[in-house]
Structure formats: structure tokens, C-alpha cells
2 protein chains.
Amino acid sequence: MDVARRSPIGRPRGFDADEALGRAMVVFWRQGYEGASLADLTSAMGITKTSMYAAFGNKEELFRKALARYADGPAAYVAKAIALPTALEVATAFLDGSVCASTQPGFPIGCLGVQGALAAGENGLAIRDTLAVWRDEGRTHLHDRFRQAVDDGDLPPDADPDLLARYVMTVANGIAVQAAGGSSRDDLQRVAAASLRNWPLT
Amino acid sequence: MDVARRSPIGRPRGFDADEALGRAMVVFWRQGYEGASLADLTSAMGITKTSMYAAFGNKEELFRKALARYADGPAAYVAKAIALPTALEVATAFLDGSVCASTQPGFPIGCLGVQGALAAGENGLAIRDTLAVWRDEGRTHLHDRFRQAVDDGDLPPDADPDLLARYVMTVANGIAVQAAGGSSRDDLQRVAAASLRNWPLT
DNA sequence: ATAGTTCAGCACCGATCGGTACTGAAGGTG
DNA sequence: CACCTTCAGTACCGATCGGTGCTGAACTAT
């Protein structure tokens, strides 16, 4: 690796694909999959439809790539939270991250993974299902992490990792909905803190 | 009142408007506001576009009427819960109702008030805002009810009605998202029960 | 320089979007 | 009965939807 990459033959593209993808992510985040038209997207990306199709495939593929970018960017708090040393720290950081990502100034309110396509017509079913899988993967990661905490003795033996993961995920999803409705970061942080006051739900 | 209503002059409409509205509600519930096309709606309602416009105004008005129908039907648990005698009963019934309404066999999964239009393009902004207001009214009702519970001595004097209302609403919204993603009624009932184990979040 | 390859813009595609004018039928009232 | 009002179906509206064929420009490799 670390080989100097040869310039690809042919005319190089005249725009920054990473930058354009970031712009598309924001549009999908704000307007949802079905609510974001190609005109909205390409206008924000600063490129033509032709260039978008050449670089990203089609609208559905563009969304999937935008979701991957979202996971690595605004939603990076998920992986960071799960790596923390105790289950309570994991849950706290997960919910705090949800609040912050959903109320980040300069970005749309709410969570792309929730409001990107919670319900959809025929054209949006595939993306709706993709997002449901994405959210469920997050829940599974929490589940595995909490089971590990039980095995480690960090959580009591009678703690229920499945229930804890579902509970934390449910609160996080609710926070995303509340944020989309205009709740302030302060209010949501109070809710997040309150929701873990009884941890681990004995 | 109770006057025998005179038949309106002119040709009577050839369909049951209440029944048609119920069908429209289901389509909006399953596909969201933007994802439900007029063709989808009128096909499910069993009427033509012309009849729909004559009876309901336009797509936006049809959605508002469908939301009112939803509030009086599948979401009637809200008012029933708030009328219960203690704050804990209110919260428990509210969350149980959320779970049942979001996983009712024969109806779409999830909550119309959440997935009807959480994010939207330009055409759906008004409905998105309408739903945000609708959800916030539910939160306000909980808030008022919990404040009353504090005044009554049902909740301790240091309980925070605003926080409690936001917390319960957040869990309910999260339940709706989880249901939309395919979570089972049993799983959600366990989450709902667990979320109130520490009531009133002392 | 020439060949080979890719890019980007324009124009355009059929389909569908929400919404409406027009017409004839269907019912009421007198 | 005649008259009047309303309904419902057809056919259509301009706009927009996601997506593409074509062409000339731009770039690398030879």
C-alpha cells in the first residue's frame, strides 16, 4: 500500500466527489429520501444530473453512500460510545451523542437514520428497509456490548442485555423525533440524563 | 338540536365519506404524506380524483382530516390515558397505548403522527409542521396532567412535570420508530414497562 | 501530434405528480 | 312532470419526477 496512485486516464472530474456527497447527505437529512428531488440534490451538490449519475449511480445509490457518510460523520458517536469501558458510560455517551447529532448547529435537526425514510411509497421502500436494518444494527451493537458487560461483571448477572439495548435505542429514536419537532438541545439532554437515572433498570 | 336533518338538494354522493376517509388515513399512515400519491389514495378510497376533491378539498386537507380521524380512532388512547386517576396510571396507559396502536394487526405499523411526515420536501413542509404541533399538543397535555398530579400530591412536590412529560413523549416516539422498524409488540411492551420502573424518575 | 478515454452540458425521454374543466347522469324540490 | 343542484367520470392541464442519448470538450498515454 501507500503506492502513489496513477492518474486515471481520461478527463478528470471537475468537482470534489466527497464534498458533493456531503452536500447530498445534508439534503437527504433535511428533506428525507422521497422529499429530496434530483433537482434539489444536484443543485446543492453544484453538479448536473449527468455528473451525479456518472459519479454515484442513481438516487438510491446516492442515498446509500450518503448514509455511509452519515455513519462515519455525524453518527460516529455510536462507535465511540460502544468502545467506552462501562455499560453506563456506553449508554450515556450514546444518548448524549444522539442529542448532539440531532441538534447540531449548521446541520438539519433530527437523525438521517430515522427521518430519512420512516414510511414511504413504493419508490422509497428499499431505502426505508435499508434504514430499518441500519438502525437495527446499532441496536445489535448495543446488545452485544451490554452482554459483554454482564459477562465482565460490569452489569449485574440478572441484567437483560436485550431489554437494555432496546430501551436505549428507543430513547435515542425518541430523541431524534423530538429534535425533528423542534425540541431544544437542553431539553433533550435533560431527558437523556433522566432516562438513565435508574440504570440498569433494576 | 336533534332536528331531523333535511336531505340536501341535488344528487347525493355515491360513497360513504367516513369510510373513504378511513381508507385514506390508512394509506397516509403506511406511506407517509409525500409517499402517498393521489392515485394511491383514491384507489384505496374507491373513488375518483374528482370525488375526492369535491368531498375533501385537496391532498393537504385530506391529510388533516385523516389526522383528526386518527386522533379520534387509533390514537384515542391518549385522551383515555390522561383521564386516569394517577400520574403513573396515565404514563403507563399512554405508553401501552402507543405500543398497541403502533402494532395493531390489520393496520400499518408505527404512528401516523410520527411517520406521516417527519422530514419532507417543499410540498410537505406544512404537513410536517402540522404533525409537529400535533405531537407537541400531546406533550402539553401530559405536562398539564403531571402538574396537576403534583398539585394533588399524587406526585412528590419536587417532581418535574415538564421533564416527565418530555420523557414519556420521547419514549412513546421511540416506540413508534421501533415499531416502524419491525419490533414486535411483546418487545415494545417490555421496553414500555421498563421505562417506567423508576417512576417518577426520582 | 494522435489516439483513446472520460467528463459535463444540453436536450429530451416516458411516467407521474397534484389539480381541474367539462359533460352527462342522478337525485332532490316544486 | 319540469327544474335545479350536485355528483362522478373522462379527459386533460402544466409541472415535475427519475433517468438517459448525444455531443463536444478535456485530459492521459503513446
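Numbers restart at 1 for each chain; the letters A, B, ... are given by sequence-line order, proteins then strands. In what follows, every heavy atom counts, from backbone to side chain, and hydrogens, waters and symmetry copies are set aside.
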Need the bend value for the helix from C:dA1-D:dT30 to C:dG30-D:dC1: angle between end axes, 5 pairs each end, nearest 10°.
10°
Taking salt bridge (Lys or Arg N to Asp or Glu O under 4.0 Å) as the test, write out the residues that go with B:Glu19, two or more places apart.
B:Arg23
Is a donor on one side and an acceptor on the other found under 3.5 Å between the side chain of B:Ser102 and the backbone of B:Val99?
no
For A:Tyr167, side chain to side chain donor-acceptor pair (under 3.5 Å) partners two or more places apart
B:Tyr167
Closer than 4.0 angstrom, basic N to acidic O: yes or no for B:Arg147 and B:Asp144?
yes
Could you state the atom-to-atom distance from CD1 of A:Ile9 to P of D:dT28 in whole Å?
11 Å
Provide, to the nearest angstrom, the distance between the CZ atom belonging to A:Arg11 and the P atom belonging to D:dC27.
7 Å
For the residue pair A:Tyr33 and A:Phe28, does the interplanar ring angle fall in the parallel (under 30°), tilted (30 to 60°) or perpendicular (over 60°) class?
parallel
B:Met45 CE - D:dA8 C1' separation (whole Å)
14 Å
List the protein contact pattern of nucleotides 15-21 of chain D with one symbol per nucleotide (5' to 3'): B for base contact, S for sugar-phosphate-only contact, - for none; contact means a heavy-atom distance under 4.0 Å.
--SBBBB
Got a sec? Which of residues 112-132 of chain B come in under 4.0 Å of DNA chain C, heavy atoms?
none
Can you list every ring-ring contact (aromatic ring centres under 6.0 Å, His included) pair that touches residues 171-202 of chain B, not counting sequence neighbours?
B:Phe146-B:Trp199
Taken to the nearest whole Å, CZ/B:Arg13 to C1'/D:dT5 is 14 Å
Presence of salt bridge, B:Asp162 and B:Arg166, under 4.0 angstrom:
yes
Provide, to the nearest angstrom, the distance between the CD1 atom belonging to A:Ile47 and the C1' atom belonging to C:dC7.
12 Å
